[in-house]
Amino acid sequence: MTLTPFPTILVKRLAHAKDLPLPAYATAGAAGMDLLAAVTESLTLLPQQRILIPTGLQIALPAGYELQIRPRSGLALKHGIILPNSPGTIDEDYRGEIKVIILNTDKEAFVIERGMRIAQAVLAPVVRGVWQESDILEDTERSSGGFGSTGTSILR
Ligand SMILES: O=c1ccn([C@H]2C[C@H](O)[C@@H](COP(=O)(O)OP(=O)(O)OP(=O)(O)O)O2)c(=O)[nH]1
Ligand SMILES: [Mg+2]
């Protein structure tokens, strides 16, 4: 068996995250690394409030990759915590602090504590395209149909 080397992500921990562990995969097969809230003190997110949560991390991604910031399903199901820009995009060339935008869609307030695993980050390869203008586009079975044109019932 040949072992594939994992791509390396350079990471710099800012002062407010020095005592926090780096984001980690919760299980051997997890796709996402859980991101920790590097808030200095607990904060309360009211219903319908959205906030930018610092992670205390600056990174340099390997060439040809992005980091996707995605919600955690447990927080979404139990507390209505979503990421309004999901999946958030961390560009390969971004060197600022990674931050997570979270929105409380619940009727209850939600308390974010230091070190809470608030979101997850998935490393993903990027395929970039180039435009080629054309007056003729090959027709297809779908053609211009969209936005529910194929219906919802399997019985048709
Ligand atoms: O959840 C997110 C999304 C983005 N970013 C950072 C990294 C990313 O590379 C940069 C820009 O993100 P995006 O392209 O989604 O935002 P924009 O509104 O298009 O801003 P810009 O004009 O800076 O590209 O902001 C985060 O820290 N967290
Ligand atoms: Mg952008």
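Atoms within each ligand, like the ligands themselves, are counted from 1 in listed order.
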Looking at [atom], what's its closest protein heavy atom, distance included?
| atom | value |
| --- | --- |
| atom 28 (N) of ligand 1 | Lys99 O, 2.7 Å |
| atom 11 (C) of ligand 1 | Asp91 OD2, 3.8 Å |
| atom 26 (C) of ligand 1 | Ile90 CD1, 3.3 Å |
| atom 25 (O) of ligand 1 | Tyr94 CE1, 4.0 Å |
| atom 12 (O) of ligand 1 | Thr89 O, 3.8 Å |

- Does the protein put any heavy atom within less than 4.0 Å of atom 20 (O) of ligand 1?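 Protein heavy atom within 4.0 Å of atom 20 (O) of ligand 1: absent.
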- Query: Do protein heavy atoms approach atom 23 (O) of ligand 1 to less than 4.0 Å?
  - Reply: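 Answer no: nothing from the protein, no heavy atom, is under 4.0 Å.
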- Item | Proximal atoms of ligand 1 relative to Ile98 (non-hydrogen, under 4.0 Å) |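 So the atoms of ligand 1 that pass are 27 (O).
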- Could you tell me which atoms of ligand 1, counted from 1 in the order shown, lie closer than 4.0 angstrom to a heavy atom of Asn85?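 Counting from 1, the qualifying ligand atoms are 1 (O), 2 (C), 3 (C).
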- Query: Does Leu45 offer a backbone N or O that forms a donor-acceptor pair with the side chain of Asn104 under 3.5 Å?
  - Reply: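 Here the side-chain-to-backbone pair exists.
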Taking side chain as C-beta onward, heavy atoms only, is [X] less than 4.5 Å from [Y]?
| X | Y | result |
| --- | --- | --- |
| Val122 | Arg70 | yes |
| Ile69 | Ser86 | no |
| Arg117 | Leu75 | no |
| Ile101 | Leu83 | no |

- Using side-chain contact (heavy atoms from CB on, under 4.5 Å) as the criterion, point out the one residue from Leu123, Leu57, Ile90 that pairs with Ile9.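 Testing Ile9 for a side-chain contact (heavy atoms from CB on, under 4.5 Å) against Leu123, Leu57, Ile90 leaves exactly one candidate, Leu123.
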- Distance, nearest 0.5 Å, that separates CD1 of Ile82 from NE2 of His79: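 Here the interatomic distance stands at 15.0 Å.
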